[in-house]
Structure formats: structure tokens, C-alpha cells
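Bear in mind the structure is a predicted one, so any value in this text is a computation, not a measurement.
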Amino acid sequence: MKRILLMVFRNIILVPFMWCRLCYHASHTEKYTEKQQYDLLKFIVLRANKGGNVRIITHGVENIPQENGFMFFPNHQGLYDVLAILEACPKPFSVVAKKDIGNIPFLKQVFACMKAYLLDRENIRQAMQVIMDVSNEVKNGRNYLIFAEGTRSKNGNKIGEFKGGSFKSATKAKCPIVPVALIDSFKPFDTNTINKVSVQVHFLKPLYYEEYKNMKTTEIAALVQEKIQNTIEENVK
């Protein structure tokens, strides 16, 4: 909370204008292209990070597929994760997130601009429909992000178990799977401090369909988890 207040205070002149613009974009998504929405979000996140003493250190941008229609699978450390990847990633993407997170002010507007899917894990039919919808959109060239742990680890840089079901949209779309290792992404919003903090975003080499087509989703999940865990262990201080 302290850092959010700092972000607001240091951008106090811009905040009313940008908040109104964000809410308008979120309520009128049909008026804007995906790139226009993404450019707005990146501008807001860049200003917020600068004001909030948050530095994003990006590695492996060259690993992001040149062609659209891929999926990011990062570890899940906190509420800040999507914002970190937003600054780091040059290409627009959308998100599959838990329904309750979609009710948090600011994140609600961000997800609306991204045309994100909000998943109700108690509703199996809705979850299956989301898998099909995301798969179809990825086939048509949209990029998506899914947290395969299902929920925040709440253990800092220790990651939880990746769930095989999270990869069903990717396998149905036969798209590149891009593991993303987040380091210290829990610190901006999940620690009660305004000290300077650096968040590392590592885009790892993608897995292409030919590499995983004969694997079970649980095997894919274990492989992606291992790659991310190894990256964290190699880079955490």
C-alpha cells in the first residue's frame, strides 16, 4: 500500500487525467486497437514504476517469438507480476486471471483494456469454455499469459507446483510456450516498504509444438517449472 501511494504522489499531476483515460479505454474497448490499449498501459506502468522506486531488469527479449500467437507461462509471486511483464514485453498480450483479482481497482481496468479472461475456478463449464476461447484466440494471433501455479506462491522466490491443466489452451492451439521467470516480483506490492527494488523478468527459450506434441500436459508443466526454477536459482542474490 505504501508503494502504491508513492506511485500516486509522485505522479499526482498526471493521475487524474490518466485514471480517467484508463477508465474510458476500459469501458470502450471497441474503439481502440490492441496496440493502442497496450501502449497506454505501458505508459502508465512506466510512470508508476519510476515514481514507485521500481526498476525492471529484463533478460531474453530475443526469446519472444517473432510471430504472434504464443503463450507466456510465468511463476506467480504477487499482484505486481503482470505489471512487471507489461513493462518488459514489447508485444501486446492478454491474461487469464482469477475472477477475484479482476475486482481490484486499477487491475480491473487494466484487465478490461487487455480483454482478459477472468476464471471462476468453481465453475468447471466456464473454465473449459475459457480454455477453448483462449486456444482459438491464440490460433488467430493473440498472445496470452497464464499463471500455471494457479495462485500466488506467497513464498518469495520459491515457486509452487505448475498444474498441467493450465497448458491445455497452448496444446490445443499448438503454439509456442514461453516460460517466464520472475524474481523479486513480490516486493513492490506484497512488502510494506517504499525502498528501491529491482524486479527481474527473464523470458526463456520457447518450447515449440514439435518439441512438446508427444508430451502430457503434466510433463510440460514439470518441464516449464524446472526451467523457471533453475533460472531463479541461477540469478537470485
Side-chain angles (χ1 to χ4, degrees), residues 26 29-30 32-35 37-38 41 60 63-76 81-82 85-86 88-102 107-108 110-152 159-182 201 203-228:
T29 56
E30 74 285 351
Y32 303 97
T33 66
E34 188 169 37
K35 186 178 185 305
Q37 297 283 52
Y38 197 69
L41 296 178
N63 291 324
I64 299 174
Q66 294 299 308
E67 299 293 329
N68 287 321
F70 57 82
M71 297 188 70
F72 289 132
F73 287 89
N75 54 310
H76 196 7
D81 294 348
V82 171
I85 298 173
L86 251 170
C89 182
K91 288 194 168 190
F93 65 91
S94 190
V95 179
V96 177
K98 291 189 301 182
K99 184 178 179 180
D100 53 341
I101 294 178
L107 287 181
K108 178 179 180 179
V110 168
F111 289 160
C113 287
M114 299 174 87
K115 295 183 179 178
Y117 282 98
L118 300 179
L119 190 65
D120 182 357
R121 291 187 295 181
E122 301 298 320
N123 188 333
I124 297 177
R125 179 175 295 180
Q126 189 256 6
M128 292 301 298
Q129 187 61 51
V130 167
I131 289 172
M132 296 302 299
D133 290 344
V134 169
S135 173
N136 289 331
E137 290 195 20
V138 172
K139 286 179 182 178
N140 290 323
R142 292 199 81 205
N143 310 315
Y144 268 87
L145 178 153
I146 293 181
F147 292 108
E149 290 165 275
T151 189
R152 289 175 284 167
I159 67 177
E161 180 183 358
F162 278 34
K163 297 175 174 59
S166 302
F167 291 85
K168 288 182 179 179
S169 291
T171 58
K172 287 182 180 296
K174 300 180 181 180
C175 70
I177 291 171
V178 184
V180 183
L182 296 173
V201 180
F203 298 106
L204 308 185
K205 290 183 178 180
L207 294 172
Y208 290 95
Y209 180 67
E210 290 300 316
E211 300 175 70
Y212 68 75
K213 66 180 182 180
N214 295 321
M215 299 172 64
K216 297 178 181 178
T217 54
T218 52
E219 294 172 331
I220 298 171
L223 178 59
V224 171
Q225 178 181 335
E226 181 183 16
K227 288 178 178 291
I228 292 174

Once rounded to the nearest 0.5 Å, what's the spacing between atom [atom1] of [X] and atom [atom2] of [Y]?
X      : Y      : atom1 : atom2 : value
Ile220 : Leu223 : CD1   : CG    : 8.5 Å
His76  : Leu182 : NE2   : CG    : 9.5 Å
Ile177 : Phe72  : CD1   : CZ    : 13.0 Å
Ile85  : Leu145 : CD1   : CG    : 4.5 Å
Gln126 : Tyr117 : CD    : OH    : 10.0 Å
Asn123 : Gln129 : CG    : CD    : 10.5 Å

Can you check side chain to side chain contact (heavy atoms under 4.5 Å, CB included) on Val110 and Val95, steps first, answer last? CA-CA 10 Å; Val110 168; Val95 179; over 6 Å; no

Which atom of [X] lies closest to which atom of [Y], heavy atoms considered:
X      : Y      : value
Pro74  : Phe147 : CG-CE2, 3.5 Å
Gly141 : Asn68  : O-CB, 3.0 Å
Ser169 : Ile131 : OG-O, 3.0 Å
Thr29  : Cys113 : CG2-CA, 4.4 Å
Lys227 : Pro179 : CD-CG, 4.3 Å
Cys89  : Ile64  : SG-CD1, 4.0 Å

Taking side chain to side chain donor-acceptor pair (under 3.5 Å) as the test, write out the residues that go with Glu149, two or more places apart.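 Result, side chain to side chain donor-acceptor pair (under 3.5 Å) vs Glu149: none returned.
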
What residues, two or more places apart in sequence or in another chain, satisfy side chain to side chain donor-acceptor pair (under 3.5 Å) together with Lys98?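 Applying side chain to side chain donor-acceptor pair (under 3.5 Å) to Lys98 gives Thr151.
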
Taking the side chain as every heavy atom from C-beta outward, state whether Met132 and Lys172 have any pair of such atoms under 4.5 Å apart.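 Yes, close enough: below the 4.5 Å cut-off.
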
Salt bridge (Lys or Arg N to Asp or Glu O under 4.0 Å) with Glu67: which residues, sequence neighbours excluded? none

Taking [Y]'s backbone N and O only, do any of them form a donor-acceptor pair with [X]'s side chain (distance below 3.5 Å, no angle check)?
X      : Y      : result
Lys115 : Glu34  : no
Ser94  : Tyr144 : no
Glu211 : Tyr208 : yes
Asn143 : Met71  : no
Lys205 : Gly60  : no

Val224 vs Leu207, side chain to side chain contact (heavy atoms under 4.5 Å, CB included): CA-CA, chis, key distance, verdict: CA-CA 9 Å; Val224 171; Leu207 294 172; 4.0 Å; yes

State which residues pass ring pair (Phe, Tyr, Trp, His ring centres under 6.0 Å) with Tyr38; sequence neighbours excluded, sorted by chain then number. Phe93

Residues forming a ring pair (Phe, Tyr, Trp, His ring centres under 6.0 Å) with Phe162, sequence neighbours excluded: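 So Phe162 forms no ring pair (Phe, Tyr, Trp, His ring centres under 6.0 Å) with any residue.
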
So with a 6.0 Å cut-off around NZ of Lys108, is the heavy-atom count from everything else above 12?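 No, the 6.0 Å shell around NZ holds no more than 12 heavy atoms from other groups.
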
Using a cut-off of 6.0 Å, state whether more than 12 heavy atoms not belonging to Lys174 lie near its atom NZ. no

Can you tell me which residue pairs pass the salt bridge (charged side-chain N to carboxylate O under 4.0 Å, His left out) test with a partner in residues 130-141, sequence neighbours excluded? Glu137-Arg142

Begin from the C-alpha positions of Glu161 and Gln225 and carry the test side chain to side chain contact (heavy atoms under 4.5 Å, CB included) through to its verdict. CA-CA 7 Å; Glu161 180 183 358; Gln225 178 181 335; 4.2 Å; yes

